[in-house]
There are 2 protein chains.
Amino acid sequence: MMHRNNVRFALLAATLWAAAIAPGLFAVEASAQPSLDLMPLPANVVLGTGKLALKPEFSFAFIGYKEPRLERAVRRAADRIAARTGIPLAIAEAADPSQAFLQIDCGAASLPVQTFEEDESYVLTIDASRAVLRAPNPLGILRGLETFQQLLALDVQGFNFPAVEIKDAPRFKWRGLLIDVCRHWIPAEVIKRNLDAMAAVKLNVLHWHLSEDQGFRVESKKYPRLHGMGSDGLYYTQEEIRAIIDYARDRGIRVIPEFDMPGHSTAWFVGYPELASAPGPYEIERHYGVFKPTMDPTREGTYKFLDGFIGEMARLFPDPLFHIGGDEVEGHQWEESPSIKAFKTARGMKTNEDLQAYFNKRIQAILKKHGKRMVGWDEILREDLPRDIVVQSWRGQESLARAAKQGFAGILSNGYYIDLMYGAAAHYAVDPLEKEAAALSEAEKTLILGGEACMWAELISPETVDSRIWPRMAAIAERFWSPQETKDVADMYRRLEILSSRLDWTGTTHNASYPKMLERLAGMEGSFEAVKLLADYVEPIRGYGRHDSREYSQTTPLNRMADAARPESFAARAFTGMVDGMLSDAPAYAKNRREIRHRLMAWKANHETIKALAANSALLAEVLPLSERLAGLADAGLVALQSLESGQPLPQGWIEDRAALFQAPEKPPYELELMVVEPIRKIAEAAAKIPAGD
Amino acid sequence: MMHRNNVRFALLAATLWAAAIAPGLFAVEASAQPSLDLMPLPANVVLGTGKLALKPEFSFAFIGYKEPRLERAVRRAADRIAARTGIPLAIAEAADPSQAFLQIDCGAASLPVQTFEEDESYVLTIDASRAVLRAPNPLGILRGLETFQQLLALDVQGFNFPAVEIKDAPRFKWRGLLIDVCRHWIPAEVIKRNLDAMAAVKLNVLHWHLSEDQGFRVESKKYPRLHGMGSDGLYYTQEEIRAIIDYARDRGIRVIPEFDMPGHSTAWFVGYPELASAPGPYEIERHYGVFKPTMDPTREGTYKFLDGFIGEMARLFPDPLFHIGGDEVEGHQWEESPSIKAFKTARGMKTNEDLQAYFNKRIQAILKKHGKRMVGWDEILREDLPRDIVVQSWRGQESLARAAKQGFAGILSNGYYIDLMYGAAAHYAVDPLEKEAAALSEAEKTLILGGEACMWAELISPETVDSRIWPRMAAIAERFWSPQETKDVADMYRRLEILSSRLDWTGTTHNASYPKMLERLAGMEGSFEAVKLLADYVEPIRGYGRHDSREYSQTTPLNRMADAARPESFAARAFTGMVDGMLSDAPAYAKNRREIRHRLMAWKANHETIKALAANSALLAEVLPLSERLAGLADAGLVALQSLESGQPLPQGWIEDRAALFQAPEKPPYELELMVVEPIRKIAEAAAKIPAGD
């Protein structure tokens with residue numbers, strides 16, 4: 001699944017661009033009434049008076065239903081509080097429950113396998129003497145414990161929690177993240193730390209994309225050549241998978257496996273070429289795109305194999321949902337095969353879509369036999385499928401609404417492709433129940449279960465995946481959890497920066513990996529300040545632009561500035577905010593001017609350092625034009641700033657004369673975009689507009 | 001083991017101070033002929049011409065003796081190179097060994113349990129086509145692989161290794177690090193990452209301090225109340241211990257356990273009070289110092305117990321050496337006990353030392369029965385002990401030399417107490433074979449096996465321990481490994497900064513934990529730049545000063561600036577170097593002046609930000625006086641700098657009038673020292689000495 005086909009890309013990108021250019025979206029002024037530093041924002045918050053001080057003894061008590069998972073969760077929350085505060089808390093169950101620091105009141109047990117019908121609501125009440133967390137179901141306790149941790153703050157008295165009453169429940173049942181572990185291998189410990197971060201923002205589905213042209217990542221005991229020949233030895237053992245499922249369940253997260261079929265399946269055929277629609281041999285695909293190898297839907301042997309395989313996986317993955325992919329069937333092999341063509345003719349099938357529909361119905365029957373409900377991408381949807389399947393839409397709300405009208409449940413992924421490197425605000429603006437879905441009846445709307453972000457893995461590695469997911473994923477998590485009217489972008493960004501820092505304590509490396517990658521660019525163990533002064537203000541180019549620049553494969557190193565740079569530059573956003581502040585202060589232009597000049601001077605001077613470093617770094621050499629452009633822009637910005645200060649307008653045509661600076665190059669080979677062009681242009685435009693003789 | 005008694009402290013601190021104040025020790029000018037960025041420096045390096053480029057295919061071959069440990073080591077080295085470079089290397093054994101990128105030529109197997117008699121030498125030859133690593137023993141291969149990794153560099157062509165021939169062997173057989181896991185619990189994963197870092201600098205002994213007044217940290221199946229009641233549940237299972245021993249062996253590191261007796265043993269008595277010299281009950285000691293509870297050396301039951309215990313531990317720990325501590329027997333319980341007094345009288349023992357000597361002889365016999373050689377601190381040494389024991393000296397070279405003259409082997413720890421927070425140069429200046437030991441005969445000198453640094457754990461936690469060990473430990477490792485004449489302090493510091501950054505790839509958190517601790521000080525998830533501008537230029541006070549400031553215990557939070565601050569401020573050393581450069585440039589004073597003024601202005605302005613942050617942070621509030629003093633010093637420095645520029649001397653008495661600024665306060669409650677006072681004083685002194693009217 002990658003959707004590089006032009007029509008598809010246009011669909012995906014249009015959604016994000018439309019969101020990105022909405023007016024005011026990048027404003028950085030805090031809202032008038034700052035909210036608590038929570039993310040996602042709860043449905044209902046009433047602030048009390050006073051605070052609950054953190055004490056060296058962290059005692060807890062279960063005054064309702066109790067289970068080992070809940071005790072582990074409470075201890076995990078207390079351990080993380082101990083880590084964040086640096087206080088060696090004495091964590092223990094209270095001898096007298098009424099005196100416990102944290103009382104947990106859970107209504108009843110949850111189901112042995114988590115469902116979307118279970119109640120995730122909770123009520124958290126904190127006063128000066130204790131915190132009480134109530135929920136009908138352990139899932140609500142898990143969600144409330146994350147809110148509790150996010151409320152912890154430091155003031156001049158010490159660490160404490162604000163007095164508050166929070167009544168909270170999710171807006172959508174399905175709040176997911178897809179992680180593709182096939183294009184690049186993502187080891188188990190990386191999945192685990194991301195599960196911790198997912199739990200922190202109340203996500204509840206890990207959609208695990210486990211097979212692809214580029215790799216088959218699960219141990220199959222029944223068909224050992226699947227992982228044995230299709231993974232380069234990079235796969236999860238069944239024991240590891242069970243451990244991850246347990247780990248996820250402990251955090252209230254379902255694990256839904258995806259085995260993409262009949263397309264996107266080259267890696268299956270390395271060990272089992274007889275499954276394919278053309279003779280082998282096959283090799284693991286190293287490049288990216290949509291490829292020809294496709295399962296043969298006309299052979300009974302294919303279904304016998306898949307029955308055996310799905311049976312094994314159905315036992316390994318307890319979740320009742322089973323994702324079969326079903327996207328981007330390339331068609332070439334089907335059209336080239338006389339026997340497949342004859343099969344289609346004999347059955348009156350006109351198109352490859354008809355043949356795929358036949359395949360899907362067969363697979364759906366096999367899934368049903370093994371107790372599973374089918375999930376697939378848009379392409380699987382056909383009127384004649386049973387209504388218990390679920391459609392995952394990369395096409396958008398229109399496609400989802402149409403499915404809902406036919407009685408099919410669905411989730412939205414269009415607008416949430418985080419591999420495309422759009423900013424958090426773009427994803428935040430996308431809502432599963434807006435656009436065409438807004439016109440659905442209330443009954444139909446209940447079929448829109450929620451949404452899922454997609455972390456496709458063409459351009460990620462274990463070193464970079466966390467920074468491609470976090471913190472932007474948290475804004476999407478808020479869209480899925482919080483009330484529909486939660487739309488204050490400035491406040492979202494304010495809280496997102498706090499959350500990003502807080503997520504470090506879950507073990508994710510989205511922040512930690514950055515300085516080491518910059519050091520590498522600077523020349524292994526060199527000083528990285530100069531590189532940071534450039535890298536902080538760039539972003540990898542959006543959409544699929546990086547693939548236009550070069551032919552990526554599994555063996556391409558992902559160690560360039562485009563890999564180190566943050567998908568969304570907080571530093572550039574802050575600089576833009578400073579410039580907006582200064583310009584809104586006209587005609588004095590005094591606000592922030594000192595900081596802006598300081599920054600422009602630093603960029604201007606920095607290019608000499610970058611040049612010196614690049615003379616000894618093959619990795620840095622490619623960004624010299626970028627550094628030179630930033631220095632040129634900074635120089636222009638300083639002239640414009642001087643013009644504002646002196647009240648002397650810039651000469652006519654001054655900006656146009658510098659078009660090469662202000663205009664981003666097409667398809668830059670370094671695959672980066674400079675994020676401070678617009679604020680510098682704004683300074684210049686303001687300076688050009690000063691009334692002459694003023 | 002802590003040695004807070006005044007005489008002992010005087011001994012330990014005197015060694016370090018003498019080293020610290022040696023003239024020229026803090027010079028930062030690079031030496032005329034910069035060495036390769038290796039640490040420890042090899043015995044012999046001959047640079048060749050050309051380079052060996054890193055290729056996407058990392059092929060290796062064993063052309064001599066081969067064992068699984070060596071293959072794991074080669075793959076580990078290649079994996080780390082892949083991680084550091086960000087290149088997805090294809091790591092595989094070469095089909096044609098003669099064409100391998102890295103050829104390993106090992107002479108023969110090592111012993112099943114590592115000894116000091118084994119050869120750790122290696123020869124590493126790199127030319128433009130390949131690297132060849134030869135060693136008589138796998139230990140030499142392990143050492144050479146670390147050198148190989150340290151040679152990897154980036155230039156404008158890409159990643160490569162310089163052509164070189166390195167013939168290397170250690171100066172000392174015993175190159176150790178003691179980690180106390182009792183005062184504060186240090187989990188297994190922290191030990192493991194530190195073993196990786198130890199291997200990186202060619203250390204070969206982990207001295208694991210496993211029992212103390214404050215905790216008994218090993219599972220005993222024979223006496224389960226030892227860990228069951230003496231550890232708060234914080235202990236290593238035997239399975240974890242075996243895993244750590246295997247992990248260490250894979251890295252060529254011996255694991256020598258220490259069970260301190262008959263003193264420092266309160267935690268044993270919680271479960272087994274009958275071992276003590278006074279009736280119980282006993283509780284785990286929470287505070288620090290030398291305490292009364294001591295084993296009863298007069299009861300046969302004590303030896304029966306210890307025979308059983310040592311027998312169990314002798315099987316668990318394969319190393320032939322077994323450390324019994326033996327230090328700081330407090331004596332009170334022995335003097336208060338009528339039966340012990342009677343025992344002494346009956347046997348003609350005059351002192352407690354006599355009684356301890358009796359105890360040690362009994363223990364030594366038990367150890368011998370279980371196949372172990374006894375190791376202990378200075379206090380165990382008595383003429384009548386067999387010559388196979390080893391003495392670890394916290395007293396110094398004189399004590400070690402005396403033992404050697406009597407025929408006892410020993411190692412030096414005096415001068416290597418890294419918990420005392422002295423700089424790397426102070427430890428680097430201490431040599432096991434200097435002072436009194438220099439006068440020994442060559443035969444006697446062979447009894448000085450090496451040295452060991454000590455990481456006592458009163459003031460460390462899992463969050464801070466790495467930063468208290470690294471990078472300073474690497475300078476000590478170089479003292480133990482490299483030729484005696486390796487003494488260029490400036491070059492040591494140059495390489496130490498590179499190594500510190502490189503060690504991040506072993507997983508140690510000495511750098512990674514710093515920004516998170518500063519963020520906490522700034523108010524949890526607040527911006528930490530202002531806090532860093534202060535914290536970068538302070539060091540925790542040296543020696544045992546922090547204990548004078550407050551009563552520390554196991555439950556005292558270690559989350560203050562004194563815990564976050566680096567034991568040695570590289571930033572302050574760099575600033576000192578800049579000032580020295582400027583002053584050596586008199587009368588122009590132009591060199592570095594801009595950077596110095598910039599820094600002084602930043603400090604001066606920073607205090608306002610610190611005040612604002614401290615208003616919301618209980619953790620930052622305590623350092624306000626420190627921040628104010630830095631701002632005051634910066635202001636004074638700016639005036640002095642202006643004076644240098646203008647050629648107008650400072651008025652008479654100007655410095656004396658600012659004595660409060662230049663004089664560090666006694667016992668500051670924040671337990672930190674400002675490390676830029678001297679360079680600012682130097683500027684002022686230079687400005688005061690300008691000839692009037694010049």
Side-chain angles (χ1 to χ4, degrees), chain A residues 37 56-57 82-90 152-160 184-185 232 461-464 497-505 509 511-512 515-517 519-528 554-560 563-564 614-621, chain B residues 37 56 82-90 152-160 184-185 232 461-464 497-505 509 511-512 515-517 519-528 553-560 563-564 614-621:
Chain A
D37 301 339
E57 287 75 37
R84 278 174 60 202
T85 59
I87 296 175
L89 298 174
L152 176 64
L154 177 64
D155 68 14
V156 75
Q157 268 100 44
F159 293 100
N160 52 55
H184 279 92
W185 166 240
D232 304 302
S461 70
E463 183 179 37
T464 63
E497 288 206 41
I498 295 168
L499 183 92
S500 175
S501 172
R502 207 172 264 171
L503 282 178
D504 292 338
W505 297 103
T509 62
N511 291 320
K516 296 309 288 180
M517 294 192 78
E519 254 183 34
R520 181 192 290 147
L521 291 168
M524 297 293 276
E525 288 80 23
S527 157
F528 65 89
Q554 272 185 326
T555 56
T556 310
L558 298 174
N559 59 2
R560 292 156 59 224
D563 304 295
N616 285 304
S617 166
L619 295 175
L620 200 57
Chain B
D37 301 339
R84 278 173 61 202
T85 60
I87 295 174
L89 298 174
L152 176 63
L154 177 63
D155 68 14
V156 75
Q157 269 99 44
F159 294 100
N160 53 55
H184 279 93
W185 167 241
D232 304 302
S461 70
E463 183 178 38
T464 64
E497 289 205 40
I498 294 169
L499 183 92
S500 175
S501 172
R502 207 171 265 172
L503 283 177
D504 292 338
W505 296 103
T509 62
N511 291 320
K516 296 309 288 181
M517 294 192 77
E519 253 183 35
R520 180 193 289 148
L521 291 168
M524 297 292 275
E525 289 80 22
S527 158
F528 64 89
S553 78
Q554 272 185 326
T555 56
T556 311
L558 298 174
N559 58 2
R560 292 156 59 224
D563 303 295
N616 285 305
S617 165
L619 294 175
L620 200 57

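So that the names make sense, note that chain A is the first sequence line, chain B the second, and so on, each numbered from 1. As the structure is a prediction and not an experimental result, all values here were calculated from the model.
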Any side-chain heavy-atom pair of A/Ser500 and A/Asn511 under 4.5 Å: yes

B/Glu463 versus chain A, the contacting section by heavy-atom distance below 4.5 Å: side chain

Which atoms of B/Ser617 approach chain A - backbone, side chain, both or neither, heavy atom under 4.5 Å: both

Minimum heavy-atom distance A/Pro88-B/Pro557, with the two atoms named: CD-CA, 3.7 Å

Residue pair B/Phe159, B/Arg84: steps toward the side-chain contact (heavy atoms from CB on, under 4.5 Å) verdict: CA-CA 10 Å; B/Phe159 294 100; B/Arg84 278 173 61 202; over 6 Å; no

Interface residue of largest heavy-atom contact number with chain B, from A/Leu152, A/Thr464, A/Val156, A/Ile87, under 4.5 Å: A/Val156

Chain A contact via B/Ala83 - which portion, at a heavy-atom distance below 4.5 Å: backbone

Region of B/Ala512 that comes under 4.5 Å of a non-hydrogen atom in chain A: neither

Per-residue contact mode, B/Ala90 against chain A (heavy atom under 4.5 angstrom): neither

Value rounded to 0.5 Å, distance of CG in B/Leu89 from OG1 in A/Thr555: 11.0 Å

Inter-residue atom distance B/Lys516.NZ - B/Phe528.CZ, 0.5 Å rounding: 8.5 Å

Which atoms of B/Leu558 approach chain A - backbone, side chain, both or neither, heavy atom under 4.5 Å: backbone

Between B/Arg560, B/Glu519, B/Arg520, B/Gln554, the one whose heavy-atom pairs under 4.5 Å with chain A are most numerous: B/Arg520

Point-to-point distance, once rounded to the nearest 0.5 Å, from CG of B/Asp232 to CH2 of B/Trp185: 11.0 Å

Interchain contact, B/Thr556 with chain A, by part (heavy-atom threshold 4.5 Å): backbone

Residue B/Leu499 versus chain A: region with a heavy atom under 4.5 Å: neither

Chain B interface, residue from A/Ala621, A/Ala153, A/Ala615 that has the most non-hydrogen pairs under 4.5 Å: A/Ala615

B/Glu497 versus chain A, the contacting section by heavy-atom distance below 4.5 Å: neither

Rounded distance [0.5 Å steps], CG in A/Asp155 versus CG in B/Leu619: 10.5 Å

